[in-house]
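Just the heavy atoms: all of them, side chains too, but no hydrogens, waters or symmetry mates, feed the values below. Every number for a ligand or one of its atoms is a count from 1 in the order of the listing. This structure is a prediction, so every number in the text was calculated from the model and none was measured.
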Amino acid sequence: MEILKTKAAMRAWSAEQNAAIGFVPTMGYLHEGHLSLVERARAENRKTVVSIFVNPAQFNDPKDFEKYPSDLEHDKALLEKSGIDALFLPAREEVYPSGVPKLRLSYDASMARLCGKFRPGHFEGMLLIVHNLLMWVNPTRAYFGLKDYQQFVLVKSMARDLEFPLEVIGCPLLRDADGLAMSSRNVRLSPKGRAEALAISRALKKTQADFPRLKNNLAELKAAFATELKPLSIEYAEICDADDLSEATGRAEPTKQYIAAVAATVDGVRLIDNIFLN
Ligand code: PAF
């Protein structure tokens, strides 16, 4: 595994490959969820690149940025073992030599909802770094976990609208044995907090099970979903059209796909999760 620390080295490596490149962007503190993206990238491309960069521009809360977990030596060992070809590991000054640019990439409606509503600036910062990483890495395919479903929808739209010649691929959300969606942030939960957080996946699974019965009354489905989550401190709990993340109300249309999405804070840790309903 080559370790590339500069944009120039990353671009040069990519240009030399003459082969399909799979790219997995991450912020490190890797878990099985990330490794499942790596595995898929390796299976579908001749070369695989992973990036690790904790992007300050996408943290709306500076304390959240400071507390973001990191264990670079562990990450490097996992990636070496996973058989990737290159690790892009730029420093902050390399990524933002003149500070975070003022340029903002944004989508109005789909960005202002769900996480976008509660984390002002988050998706603008995320789109900026993903845009730049895609320019430097120049992959054939880029892989994103569907736990961050809104991120996936926005990145896919950006790649289409800016005509990046690549495929954006969403990979299934993975859960630990107790049902909690895998996330680098889970390490900050106390045992009690973790037990409380399990209400999230229980509520999602129940909502999925309720969907066939309540698909003609999505307002009632949403109310039942909220009731299940009541013990937690909820930011949002919504039933959405999975294509554009607009709020789904009234009756479900047979040709559309729906998703239940939630953000909650447990032990001061912000957790997001979702499930496809059909
Ligand atoms: O999902 C993440 O870990 C980050 O948002 C990403 C895509 C690496 C951009 O910083």
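Looking at heavy atoms from C-beta onward, Met27 lies out of side-chain contact with Phe53 at the 4.5 angstrom threshold.
Counting heavy-atom neighbours within 6.0 Å of Asp161 CG, excluding the residue itself, gives a total above 12.
Ring geometry, Phe88 versus Trp136: the interplanar angle exceeds 60°, so the pair is classed perpendicular (tilted spans 30 to 60°).
Here the heavy atom of the protein found nearest to atom 5 (O) of ligand 1 is Gln151 OE1, 2.7 Å. Here the protein heavy atom with the shortest distance to atom 3 (O) of ligand 1 is Met27 CG, 3.6 Å. If you check which protein heavy atom lies closest to atom 9 (C) of ligand 1, you get Gln58 OE1, 3.3 Å.
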(request) Test Phe276 against Tyr258 for ring pair (Phe, Tyr, Trp, His ring centres under 6.0 Å), laying out the working first. (result) CA-CA 6 Å; Phe276 285 108; Tyr258 294 91; over 10 Å; no
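Residue contacts with ligand 1 for Val155 are absent, since no atom lies close enough (heavy atoms, distance under 4.0 Å).
Heavy-atom proximity to Ile129, at under 4.0 Å, picks out these atoms of ligand 1: 9 (C), 10 (O). The distance from ligand 1 to the heavy atoms of Thr26 drops below 4.0 Å at these ligand atoms: 8 (C).
Between Phe23 and Tyr143, the ring center distance fails the sub-6.0 Å criterion.
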